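As C-alpha cells, the structure follows; a few thoughts come after it.
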Protein chains: 2
Amino acid sequence: MSITIQVNANLFLKDPKSSDIGLKMLKEGIDLINVLGFEAFTFKKLAQNIQSTEATIYRYFENKHSFLLYLINWYWEIIAYRLMLATANIEDPRLKLSNSIRVLTGLPDPAQFGFIAEELSLKQLVIQESGKALHTKSVDLENQDGIYLLYKSIVSTVATYVKQLNPTFPYPEMLISTLMENANQQRFFSVHLPRLTNSNPEKDAVEAFSQLIIQKVLE
Amino acid sequence: MSITIQVNANLFLKDPKSSDIGLKMLKEGIDLINVLGFEAFTFKKLAQNIQSTEATIYRYFENKHSFLLYLINWYWEIIAYRLMLATANIEDPRLKLSNSIRVLTGLPDPAQFGFIAEELSLKQLVIQESGKALHTKSVDLENQDGIYLLYKSIVSTVATYVKQLNPTFPYPEMLISTLMENANQQRFFSVHLPRLTNSNPEKDAVEAFSQLIIQKVLE
DNA sequence: CAAAAATAATAGTAATACTATCATGATTGA
DNA sequence: TCAATCATGATAGTATTACTATTATTTTTG
C-alpha cells in the first residue's frame, strides 16, 4: 500500500508529483526555503540546485508565491490524513478531540505508521513561512479559488468534536484555529525568542499546553 | 501635557519624529503599507506620496524592513503605555491581569484618554504585516540588537500577574504570548477567512474569548 | 522511427532595493 | 549678516529579481 497525497490543482500548472524533475523541485525547494528563507529563495537558485532551468520550474508553478502555497497545502493534506487516522473508529468525542489536538499541535513521530519523509522539513517550513503565504493582498482571491478549503475543513471537523463535548461553548472554531496557529508560533518563539514561551526544543510543551487549554475550557 | 512615545534608537538612522518630513514618512508610510501591502510598498512610492525623494527616506531608515520594524515597535510602545495606565494603582492581580488582557486583546477606544491618532491604522498594519517582520532570517540579529526587548518585557510583566494568581501554572509566558498573537490572527481571519473564527468585525469577540481562556485556565 | 512533448539554453524586460554624487535651500552661530 | 553646516532634492547608476519569450535539444510514446 502506498499513500498518495494530492494537492489542490489550482496550485500548479503541471503536477509536480507527475515527474522526476517535479518531485526534485518539491524536495529541494523545501530544503532551499528552509536554508535561505522565503525572501532570498528564487526559482533561479532552485533550478541550479536541481540541474534544471527557471523556465522549467515556471512550467510547473505560476510563481514563487504559488510554490509556497503548494507546499503549505501539501502539509495540510498530510495533517488531514493524520487526523483521519487518529480519529477513525473512535466514538468518544473527548478522545477524538484529544487525538486531534495531538495531531494538530504535537510533534510528528518518525517511527509512526505512514511517516512521510518530507514531513519534518515541511513542518519546519510551515513554522517559518506560513504567515507570509496568508498575509498578502491576494488572500481573498486565493480563498475564492478554494486554496483554503482544506484548512477550513480541518478546523471545522475538529470544532465539531468541541461542540459535541460542550454544545454551549461559544467559540469552537476560534479555539481550534487559535491552538493550531499557536503551535507554529510557539515553536518559532522557542528557537528565536525563548523568553516569550515556556516550551523549548529539548522539552517541547506545546501539545501539553494545548491539551490543558482544551481540558480547562471545556470541562 | 503631551505624551511622547520614543522608539528604540537602533531602528532608525535619524529620528523620524524629529522633523516634519520624518513625521510625514511615518503617517503616510502606515497608510501606504495598509493600502498596498508590505510587498508592494516601496520607498519610491512613499517618497512620491510625501513629495520627497528615496534618498531622503534612506537617510532616516536603513531599509524597508527596518521601517516596518520601527512601526511595529511604535505600536508596542503604545501598548506598553496603555498597559501601564491600565494597571497603575491596582493591587489585585486578578484585576491587573484582566485589565492587561483588555489592552492586549481588545479594540482601542478612540474616546479614551490619550488616544493616539495613528493607533487604529497602526493596529491594522500590525494585524496584516507583523508576521513578516518577525519571520525572517535576521530575527536573531535583531533580537541581539534589543529590537524585541519591549515585546518581551510586555509578555514578562503580564506573565507576572498570572504567576501571582496561580504560582503553579506551568506556562505563564506562553499563555500571554498566545493570546497576544492570537488577537491579531483572529482579526485577520474575521475579515478574510471568517469560517476559522467566531469573531467578526461587527461583533468582535476576541477579548471575550481571551478573558474566558484566562479565567478557565487559572481558576 | 517519426511526431509530440518536455526540458534546456539563452536572451531580454520592467521593477526593485538600494548606493552615489552633486546641487540647492534652510538654519545657525560668530 | 554672512559663512559654514546641514538637510533635502535631483539625478544617475547597479545588481538582482521575477518573470516572459524564443529556439534548440532531448526524451517519451504510439
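Note that this is a predicted model, so its numbers are computed, not measured. Within every chain, numbering begins at 1; the chains are lettered A, B, ... in the order of the sequence lines, protein sequences first and strands thereafter.
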Rounded distance in Å - CG (A:D15) to P (C:dA6): 12 Å

Separation of atom OH in B:Y60 from atom P in C:dT19, rounded to whole Å: 18 Å

When you compare the protein's N or O atoms with those of nucleotides 15-21 of chain D, which come within less than 3.5 Å of each other, and at what distance?
unit_1 : atom_1 : unit_2 : atom_2 : d
D:dA18 : OP1    : A:K64  : NZ     : 3.0
D:dC19 : O5'    : A:Y58  : OH     : 2.8
D:dC19 : O4'    : A:Y58  : OH     : 3.4
D:dC19 : N4     : A:E54  : OE1    : 3.2
D:dC19 : N4     : A:E54  : OE2    : 3.4

A:K64 to A:F38 six-membered ring, cation-pi geometry met (6.0 Å, 45°): yes

Donor-acceptor pairs under 3.5 angstrom involving side-chain atoms of residues 100-108 of chain B: please list them, not counting sequence neighbours.
unit_1 : atom_1 : unit_2 : atom_2 : d
B:S100 : OG     : B:K96  : O      : 2.8
B:R102 : NH2    : B:N99  : OD1    : 2.8
B:T105 : OG1    : B:I101 : O      : 2.8

Sub-6.0 Å ring centroid separation between B:F61 and B:F67: yes

Euclidean distance, atom CD1 of residue B:I21 to atom P of C:dT27 [Å, nearest integer]: 13 Å

Contact under 4.0 Å: B:T56 side-chain N or O vs D:dG9 OP1/OP2: yes

Donor-acceptor side-chain pairing of B:H65 and B:E142 below 3.5 angstrom: yes

Separation of D:dG9 P from B:Q51 CD (nearest whole Å): 10 Å

Any donor-acceptor N or O pair under 3.5 Å, side chains B:Q186, A:S177: yes

Results of side-chain hydrogen bond (donor to acceptor under 3.5 Å, both in side chains) for B:S19 - residues two or more places apart only: B:Y60

Between C1' of C:dA8 and NZ of A:K24, the distance in whole Å: 13 Å

Integer-rounded Å distance: C:dT7 P and A:L23 CG: 11 Å

Between C:dA6 (P) and A:M25 (CE): distance, integer Å: 12 Å

N/O (side chain, A:S19) to phosphate O (OP1/OP2, C:dA6) under 4.0 Å: no

A:R59 CZ to D:dT23 P, straight-line distance once rounded to whole Å: 14 Å

